[in-house]
Amino acid sequence: MKTPSIKKYKYITIALLGLSIGIQGCSKSFTDLTPKGSITNENFWKTEADAIFASNGLYEHFNDDNMFGRGLFWFINASDDMVTGRTDAGSAAVRNFTATGAESRINSMYKKFYQIIQRANTIITKVPTMSISDNVKNRVLGQAYFMRGYAYFYLSQYYGDQRAGVPIVTDSNMNEIKFVRPAHVKENFAQIEGDLLKAAELLPLVNTYGADDLGRAHKDAAYAYLAKTNLQWARYDESKWTQVAKYCDMVTNSGSGRKLINTGKPETDFASVFYIENNFSSEYIFSVVSNKIQGSILPAVLFENTGYGLYNGWGYFHPTLELYNAFESGDNRKKATILEFNDTFTLFGLNRKYYSSNSQTGFQFKKYMQPFRFPKEQHLNPSGDYPTSDLNIPLIRYADILLMKAEAQIKQGKSGDVEINLVRNRAGLPALSGATMVDLKRERRSEFAAEYTDRHSDLVRWGDAQAAYARPATGRQHNAKTDPTSSYTIVQVWPARTFNPAIHHVWPIPPSDLSNSGISQNEGW
C-alpha cells in the first residue's frame with residue numbers, strides 16, 4: 001500500500017486536506033459528540049488514494065506537542081520518578097492533584113483522542129462500500145479499528161473507572177445527538193477489545209511492510225494494546241490476567257521476530273534501544289514516528305533548559321533521587337537513563353562533563369539524548385522552538401510485553417521468572433528465582449523510566465500511589481551548578497502530596513468538554 005512516507009511525515013498535510021471533508025462538517029468541538037452537516041462530499045471516498053489519505057490522518061496527532069510531545073507526560077510527571085523543572089502553576093496543579101482539567105497543560109488531550117475516534121468512525125463508515133482492492137480496504141479498515149481502540153485505551157486509562165466510563169461513540173451511533181457515560185469502564189474495555197481484535201484480523205505483520213509503511217499500525221501492535229487493555233481491566237476482574245498472558249504470547253509468537261536488543265553487551269545494549277538506527281527494531285512495537293521536521297519534541301523537552309546556549313532544550317522533567325536510588329547495583333540501565341554531575345557525555349560531537357544550572361534534582365534524563373551527540377543539523381530540527389528529532393519515541397516495547405506476561409503469571413500464582421530474567425539479563429543483572437510482585441515492580445520502574453509506559457498509572461493500578469506520594473521528592477543541591485565536580489547536599493525538591501485513591505486514580509475531564517457533551521465530571525474533581 002504505497003503512501004506518502006510515514007517516516008518522513010509527508011502524510012500530514014495530505015491527510016488533513018482529505019479529512020477536512022469530515023472535520024469541517026462537524027461541530028466546533030468534537031467532544032460535543034454530535035456530527036453536524038455532511039461528513040463527506042461527492043469528490044471524496046472514491047479511490048484507493050482517498051482511503052489511504054484518510055488513514056494517514058489517523059496519525060496526525062504524532063505531530064502534536066500536546067499529545068505525545070509533552071501533553072500526556074504531564075500525567076506521567078505525577079509519579080515519584082520525576083519533578084517539574086520549571087515554576088508553572090498549571091503543571092504543579094496536575095502534579096499536586098489539585099487540577100480542574102482547564103489547565104492549558106492538560107485541557108486538549110481528551111478532545112484530541114475523540115478526534116482520532118471521529119476519523120476512525122468515518123473511515124469505518126465509508127470505506128467498506130468503496131470499489132477498491134480488498135488489500136487496501138482491509139489495511140485501511142484495520143488501521144481505523146486499531147486507532148479507535150488505541151484512542152479509547154488512553155481515554156479509559158486516564159478518565160474512566162468503576163463509577164463511570166467514557167462516552168462510547170462508534171460508527172453505529174455517531175449521528176446521535178447525545179451520549180452518556182457507561183456505568184463502568186469495563187464497557188469501554190470490552191469495546192476496545194472488540195476493536196483491537198478486528199484490527200488484528202485485518203492488519204498484516206510489520207515485517208511485510210515496506211519502508212514507506214513503517215510506523216503504521218500492524219498485527220503485533222493490536223495484540224500489544226490488547227494486553228495493555230486487559231492489564232488495566234484486571235484491576236476490576238482478575239480473570240483478565242489470563243488474557244494479558246494470552247495476548248503477550250500472541251505478540252511473541254506472531255512470526256514477526258519480536259525480541260529484545262541483546263548482543264551480550266549490557267553496558268551498551270539497553271542504551272542502544274533508544275538509538276535512531278533502532279527506530280523500527282524488533283523491540284519497538286508501536287511508537288511515535290518522528291524526524292527533524294515534524295514529530296515528537298520529547299527528547300528536547302527533557303534536555304537541559306536552553307541547552308548550554310547551544311540548542312533550545314526545554315528542561316521540563318527532572319529525575320528524582322528516589323528513581324536514581326531505585327536501580328540495583330550493577331544495573332546498566334541506570335547510566336543509560338540518568339545523567340548525574342561529572343558524567344561524561346557527548347554533545348554535538350564533543351565530550352563534556354555533565355552539570356546543570358537548571359535541574360531541580362541535579363540529574364537529567366539521558367534515555368533520548370542520542371540525537372544530541374551529533375552536529376545539530378544532522379538529527380535535530382533547526383528550529384529550537386519546535387525541537388523535534390529523528391528519534392522515534394516508543395509507546396510499547398517488547399520489554400513491556402515480557403513484563404506484562406511476567407506480572408500476569410505472578411498474579412496467577414505461576415512463575416514469571418523466564419520473562420523477568422530476559423529483561424534483567426540485557427541489563428547485566430543476575431537471574432531471579434521465584435520472582436515476586438516486589439521484583440516485578442522494580443523491573444518496570446528501572447526499565448521504563450521516562451517512557452509513556454507510565455509509572456504513575458502503574459502505581460495507581462497497584463494501589464501504591466497514595467503511599468508513594470506521601471513521601472517528598474528529593475534531589476541533589478550542588479554548591480556550584482556550573483562545576484561538574486561540585487559537592488552537594490540532599491534537599492527536598494517537591495513536598496509530600498495528598499493522593500486520594502478514591503478520587504485521584506483518574507484525571508478531571510476538561511470542563512469545556514463536559515459543557516459541550518453534557519456529561520458529568522469524575523467524582524471528587
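Note that these values count all heavy atoms, side chains included, but never hydrogens, waters or copies made by symmetry. Along the sequence shown, residues are numbered consecutively beginning with 1.
Side chain of R258 to backbone of Y398: no donor-acceptor contact under 3.5 angstrom is found. Using modelled atom types, one side-chain atom of R119 and one backbone atom of G57 make a donor-acceptor pair closer than 3.5 Å. Between the side chain of T252 and the backbone N or O of C248, at least one donor-acceptor pair lies under 3.5 Å. Remark: the backbone N or O of I297 is not paired with any side-chain donor or acceptor of R70 at under 3.5 angstrom. Side-chain N or O atoms of N230 include one that pairs as donor or acceptor with a backbone N or O of L226 at under 3.5 Å. Between the side chain of N173 and the backbone N or O of V169 there is no donor-acceptor pair closer than 3.5 Å. A donor-acceptor contact shorter than 3.5 Å links the side chain of Q143 to the backbone of R139. The main-chain N or O of V127 is never found under 3.5 Å from a side-chain atom of W45 such that the two would form a donor-acceptor pair.
Aromatic rings from Y152 and F113 are positioned such that their centres are separated by 6.0 Å or more. Two rings, from F179 and Y114, have their centers 6.0 Å or more apart.
Under the ring-ring contact (aromatic ring centres under 6.0 Å, His included) criterion, F75 pairs with Y158, W507, not counting sequence neighbours. With sequence neighbours excluded, no residue forms a side chain to side chain contact (heavy atoms under 4.5 Å, CB included) with T498. Contacts of A465 classified as side chain to side chain contact (heavy atoms under 4.5 Å, CB included), with partners at least two apart in sequence or in another chain: L459, V460, Y469, F499. Shown here are the side chain to side chain contact (heavy atoms under 4.5 Å, CB included) partners of K219, two or more places apart in sequence or in another chain: A200, L205, Y223. By the salt bridge (Lys or Arg N to Asp or Glu O under 4.0 Å) test, K198 is found to be paired with no residue, residues two or more places apart in sequence or in another chain being considered. Qualifying side chain to side chain contact (heavy atoms under 4.5 Å, CB included) partners for Q191, counting only residues two or more places apart in sequence or in other chains: R148, I168, T170, D195. D64 pairs by the salt bridge (Lys or Arg N to Asp or Glu O under 4.0 Å) definition with K112, not counting sequence neighbours. Qualifying salt bridge (Lys or Arg N to Asp or Glu O under 4.0 Å) partners for D237, counting only residues two or more places apart in sequence or in other chains: none. Shown here are the side-chain hydrogen bond (donor to acceptor under 3.5 Å, both in side chains) partners of W494, two or more places apart in sequence or in another chain: N96.
A perpendicular orientation is assigned to the rings of Y316 and W74, their planes being inclined by more than 60° (bins at 30° and 60°). Between F146 and Y225, the angle of the ring planes goes over 60°, which puts this pair in the perpendicular group of the 30/60° scheme.
Note on residues 77-94: pairs passing salt bridge (Lys or Arg N to Asp or Glu O under 4.0 Å), not counting sequence neighbours, are D80-R445, D80-R455, D81-R445, D81-R455, D88-R105. Screening residues 384-404 for salt bridge (Lys or Arg N to Asp or Glu O under 4.0 Å) gives K228-D400, E283-R397, R397-E447, R397-E451, D400-R444 as the qualifying pairs, with residues at least two apart or on separate chains. Counting only residues at least two apart or on different chains, the salt bridge (Lys or Arg N to Asp or Glu O under 4.0 Å) pairs with a member in residues 514-525 are R163-E523.
The shortest distance between side-chain heavy atoms of N278 and V273 does not fall below 4.5 Å.
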Give the C-alpha distance, both sets of side-chain angles, the deciding distance and a yes or no for side-chain contact (heavy atoms from CB on, under 4.5 Å) between F62 and I393.
CA-CA 10 Å; F62 283 175; I393 304 301; over 6 Å; no
Does the ring-ring contact (aromatic ring centres under 6.0 Å, His included) test come out yes or no for Y150 and F286, once each step is laid out?
CA-CA 11 Å; Y150 155 97; F286 200 61; 5.8 Å; yes
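Closest non-hydrogen pair, P510 versus I106, comes out as CG-O, 4.0 Å.
Considering CD of Q294 and CG of N63, their distance stands at 4.5 Å, rounded to 0.5 Å.
Put simply, the residue from I124, N121, I117 that forms a side chain to side chain contact (heavy atoms under 4.5 Å, CB included) with M174 is N121.
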